**Q** 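Once you've had a glance at the structure underneath, I'll fire off some questions.
Small disclaimer: the values here were computed from a predicted structure and weren't measured.
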Amino acid sequence: QVQLVESGGGLVQSGASLRLPCPASGDTFSSWYIIGWFRQAPGKEREFVATISRGGGATSYANSVQGRFTISRDNAKNTVYLQMNSLKPEDTAVYYCAADRSATRVYSDLRNEYDYWGQGNQVTVSS
């Protein structure tokens with residue numbers, strides 16, 4: 001299995017940028033996994049943000065972050081990144097990275113298809 005540990009969150013002002021790294025560790029290679037980012041705001045369900053294929057050649061984004069967020073991965077470093085630009089107060093949430101061990105999917109935006117989750121990292125955007 002794989003362990004995921006998010007970092008890089010914090011408090012920023014509206015319009016700022018943040019990059020969230022998600023390094024993977026464990027007894028297998030992170031390039032075997034589809035990686036996704038999800039977020040959960042207070043009182044709301046956890047929602048899809050972005051996902052990336054094993055090789056990094058395919059990505060998908062939620063409409064709410066399209067054009068502002070970029071997901072990428074460096075398999076040599078076993079790390080996936082979420083670059084967040086032009087942050088808005090409505091982006092405030094706990095951000096989670098997750099790994100999907102499917103051998104058939106290219107990527108996934110469905111929460112229940114992910115097998116491993118990080119502990120979450122708070123991002124707060126002030127207006």
Side-chain angles (χ1 to χ4, degrees):
Q1 66 181 44
V2 65
Q3 290 82 45
L4 306 168
V5 182
E6 307 95 336
S7 63
L11 172 63
V12 297
Q13 291 189 328
S14 181
S17 297
L18 275 177
R19 188 176 78 156
L20 304 183
C22 177
S25 61
D27 61 0
T28 189
F29 296 106
S30 65
S31 59
W32 292 0
Y33 296 88
I34 297 165
I35 300 295
W37 283 96
F38 291 77
R39 67 186 182 185
Q40 188 166 18
K44 296 187 177 181
E45 291 192 354
R46 193 170 300 186
E47 66 175 7
F48 166 72
V49 175
T51 181
I52 189 166
S53 61
R54 293 172 198 79
T59 58
S60 181
Y61 298 90
N63 289 337
S64 58
V65 306
Q66 181 78 46
R68 298 188 299 122
F69 290 13
T70 302
I71 188 171
S72 62
R73 67 191 300 163
D74 184 341
N75 284 340
K77 296 182 178 180
N78 285 343
T79 301
V80 173
Y81 303 93
L82 184 67
Q83 177 68 42
M84 306 186 294
N85 298 330
S86 302
L87 283 162
K88 305 175 181 180
E90 51 264 43
D91 294 317
T92 295
V94 176
Y95 283 72
Y96 299 88
C97 62
D100 175 358
R101 62 188 175 189
S102 169
T104 57
R105 284 187 287 270
V106 174
Y107 53 54
S108 175
D109 59 1
L110 299 177
R111 186 176 59 190
N112 62 3
E113 290 184 339
Y114 284 83
D115 303 290
Y116 305 106
W117 291 82
Q119 83 286 354
N121 196 8
Q122 178 69 47
V123 172
T124 302
V125 185
S126 63
S127 58

**Q** Do you know the tightest heavy-atom contact between Pro89 and Ser127?
**A** CG-CB, 3.8 Å

**Q** Checking Thr124 now: which residues fulfil side-chain hydrogen bond (donor to acceptor under 3.5 Å, both in side chains) with it, not counting sequence neighbours?
**A**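 Partners of Thr124 by the side-chain hydrogen bond (donor to acceptor under 3.5 Å, both in side chains) criterion, ordered by chain and then number, come out as Gln122.
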
**Q** Is Glu6 reaching over with its side chain to a backbone N or O of Gln119, donor-acceptor style, under 3.5 angstrom?
**A**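 Indeed, once roles are kept as given, a pair shorter than 3.5 Å links the two residues.
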
**Q** Please collect all salt bridge (charged side-chain N to carboxylate O under 4.0 Å, His left out) contacts where either partner lies in residues 42-52, sequence neighbours excluded, each pair once.
**A**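 Sorted pair list: Arg39-Glu47.
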
**Q** Rounded at 0.5 Å granularity, tell me how far OG1 in Thr59 sits from CZ in Arg73.
**A** 11.5 Å

**Q** I need the minimum non-hydrogen distance between Met84 and Val123, along with the two atoms involved.
**A**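 The pair with the smallest heavy-atom distance is CE-CG2, 4.0 Å.
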
**Q** Please say whether more than 12 non-hydrogen atoms of neighbouring residues, nucleotides or ligands are located less than 6.0 Å from CG in Asn112.
**A** yes

**Q** Minimum heavy-atom separation for Val94 to Gly120, with atom names?
**A**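 Closest pair (atom of Val94, atom of Gly120, distance): CG1-CA, 3.7 Å.
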
**Q** Taking atom CG of Asp100 and atom CD1 of Ile52, what is their separation to the nearest 0.5 Å?
**A**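 Rounded to the nearest 0.5 Å, the CG-CD1 separation comes to 13.5 Å.
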
**Q** Val106: what forms a side chain to side chain contact (heavy atoms under 4.5 Å, CB included) with it, not counting sequence neighbours?
**A**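 Testing Val106 for side chain to side chain contact (heavy atoms under 4.5 Å, CB included), a comparison that skips the adjacent residues, returns Ser53, Ala58.
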
**Q** Working to the nearest 0.5 Å, report the span between CG of Leu87 and OG of Ser126.
**A**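 Atom-to-atom, Leu87:CG and Ser126:OG are 10.5 Å apart.
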
**Q** Please report the shortest heavy-atom distance between Pro21 and Thr79, naming the atom on each side.
**A** CB-CG2, 4.2 Å

**Q** What pair of heavy atoms forms the shortest contact from Val2 to Tyr116, and how long is it?
**A** CG1-CD1, 3.5 Å

**Q** What pairs with Ala62 under side chain to side chain contact (heavy atoms under 4.5 Å, CB included), at least two apart in sequence or on another chain?
**A**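 Ala62 satisfies side chain to side chain contact (heavy atoms under 4.5 Å, CB included) with Phe48, Ser64, Val65 only.
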
**Q** Can you sort out the partners of Arg101 under salt bridge (Lys or Arg N to Asp or Glu O under 4.0 Å), two or more places apart, ordered by chain and number?
**A** Asp115

**Q** Ser108: which residues meet the side-chain hydrogen bond (donor to acceptor under 3.5 Å, both in side chains) condition with it, sequence neighbours left out?
**A**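 So Ser108 forms a side-chain hydrogen bond (donor to acceptor under 3.5 Å, both in side chains) with Glu113.
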
**Q** Which pairs count as disulfide (SG to SG under 2.5 Å) when at least one residue sits in residues 91-127, sequence neighbours excluded?
**A**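 Sorted result for residues 91-127: Cys22-Cys97.
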
**Q** Considering only residues two or more places apart or on different chains, which pairs with a residue in residues 37-89 satisfy disulfide (SG to SG under 2.5 Å)?
**A** none

**Q** Hydrophobic clustering (ILVMFWY, side-chain heavy atoms < 4.5 Å, transitive) - are Trp32 and Leu4 grouped together?
**A**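 The answer is yes; both residues are in one hydrophobic cluster.
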
**Q** With sequence neighbours left out, which residue pairs that include part of residues 61-115 fulfil the ring pair (Phe, Tyr, Trp, His ring centres under 6.0 Å) condition?
**A**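 Counting only pairs at least two positions apart or across chains, the ring pair (Phe, Tyr, Trp, His ring centres under 6.0 Å) contacts touching residues 61-115 are Phe38-Tyr114.
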
**Q** Among residues two or more places apart or on two chains, list those pairs meeting side chain to side chain donor-acceptor pair (under 3.5 Å) that have a residue in residues 9-21.
**A**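 Sorted result for residues 9-21: Ser17-Asn85.
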
**Q** Enter the distance from Ile35:CD1 to Leu82:CG here, rounded to the nearest 0.5 Å.
**A** 12.0 Å

**Q** How would you list, by chain and number, every residue that makes a side-chain hydrogen bond (donor to acceptor under 3.5 Å, both in side chains) with Arg68, sequence neighbours excluded?
**A**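 Arg68 satisfies side-chain hydrogen bond (donor to acceptor under 3.5 Å, both in side chains) with Asp91 only.
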
**Q** Taking only residues two or more places apart in sequence or in another chain, which ones pass side-chain hydrogen bond (donor to acceptor under 3.5 Å, both in side chains) with Asp109?
**A**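 Result, side-chain hydrogen bond (donor to acceptor under 3.5 Å, both in side chains) vs Asp109: none returned.
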
